[in-house]
K.L.:
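Once you've had a glance at the structure underneath, I'll fire off some questions.
Counting convention: from 1, in listed order, for ligands and their atoms alike. The chain is numbered in sequence order, starting from 1.
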Amino acid sequence: MEDELVTLARRAQARAYSPYSRYRVGAAIEGIDGQRFAGCNVENASYGLTICAERVAAGAAVAAGVRQFRRVAIVTDSDPPAPPCGACRQFLREFGPDLVVDSVGPQSHRRWSLGELLPDAFGSELLA
Ligand code: THU
């Protein structure tokens, strides 16, 4: 599977800053208006400050004024392809449960809905 969103995520993966884990992640998220934003993981010598690629991509979108998303693509060197971590699931859920999540590894790809990955999520509707 190699569409434009995956290509964008792949380019971002090449820019991953991951000197500690050596695990490179690229992500690209597409708004319902078609705009796309990329991110990579950014690690830190204070390990817990690391930011995942998915959150960097979603943050870039929000900073550009885009808050409604169709799909996120993730590229790693893992097979089976890596699902987003729990923190990223919750972060992405903020913007809706219907997001399609595509993850691409060297040999195969997987697709989920965010709702499948994070059932019974905590969301803003519960704060009312
Ligand atoms: N990582 C991501 O970028 N996204 C995820 O969903 C899982 C983990 C990064 C964080 C860290 O830089 C490296 O992968 C290893 O955990």
K.L.:
Just to verify, which of Gln13, Arg36, Glu30 counts as forming a side chain to side chain contact (heavy atoms under 4.5 Å, CB included) with Leu8?
P.N.:
Arg36
K.L.:
Roughly how far apart are Asp98 CG and Arg93 CZ, rounded to 0.5 Å?
P.N.:
9.0 Å
K.L.:
Below 4.0 Å from any atom of ligand 1, is there a heavy atom belonging to Pro84?
P.N.:
yes
K.L.:
May I ask you to list the atoms of ligand 1 that are less than 4.0 angstrom from any heavy atom of Thr50?
P.N.:
10 (C), 11 (C), 12 (O)
K.L.:
Can you list the ligand 1 atoms lying under 4.0 Å from a non-hydrogen atom of Asn41?
P.N.:
3 (O), 9 (C), 11 (C), 12 (O), 13 (C), 14 (O)
K.L.:
Glu43 heavy atoms, cut-off 4.0 Å: which ligand 1 atoms fall inside?
P.N.:
11 (C), 12 (O), 13 (C)
K.L.:
Should you measure from each heavy atom of Ser21, which atoms of ligand 1 turn up under 4.0 Å away?
P.N.:
13 (C), 15 (C)
K.L.:
Mind checking the CG-OG spacing from Asn44 to Ser18? Nearest 0.5 Å is all I need.
P.N.:
13.0 Å
K.L.:
Could you tell me whether Glu4 atom CD has more than 12 heavy atoms of other residues or ligands within 6.0 Å of it?
P.N.:
no
K.L.:
Indicate whether atom 14 (O) of ligand 1 is within a distance of less than 4.0 angstrom of some protein heavy atom.
P.N.:
yes
K.L.:
Tell me which protein heavy atom sits closest to atom 16 (O) of ligand 1, plus the residue, atom name and distance to 0.1 Å.
P.N.:
Tyr23 CD2, 4.7 Å
K.L.:
Is there a side-chain contact between Val101 and Leu117 (heavy atoms, below 4.5 Å)?
P.N.:
yes
K.L.:
If you count the atoms of ligand 1 from 1 in the order shown, which ones are under 4.0 Å from a heavy atom of Glu54?
P.N.:
2 (C), 3 (O), 4 (N), 5 (C), 6 (O)
K.L.:
Compute whether any side-chain donor of one residue and acceptor of the other, for Glu2 and Thr7, lie under 3.5 angstrom apart.
P.N.:
yes
K.L.:
If the cut-off is 4.0 Å to any non-hydrogen atom of Cys85, which atoms of ligand 1 fall inside it?
P.N.:
5 (C), 6 (O), 7 (C)
K.L.:
Which of the atoms in ligand 1, numbered in the order shown and given with their element, are less than 4.0 Å from a heavy-atom of Cys52?
P.N.:
1 (N), 2 (C), 3 (O), 4 (N), 5 (C), 8 (C)
K.L.:
Let me confirm one number: the CZ-CZ distance from Arg22 to Arg24, rounded to the nearest 0.5 Å.
P.N.:
9.0 Å
K.L.:
Among all protein heavy atoms, pick out the one at the shortest distance from atom 3 (O) of ligand 1; state its residue, atom name and that distance to 0.1 Å.
P.N.:
Ala53 N, 3.0 Å
K.L.:
Is the closest side-chain heavy-atom distance between Val62 and Phe95 below 4.5 Å?
P.N.:
yes
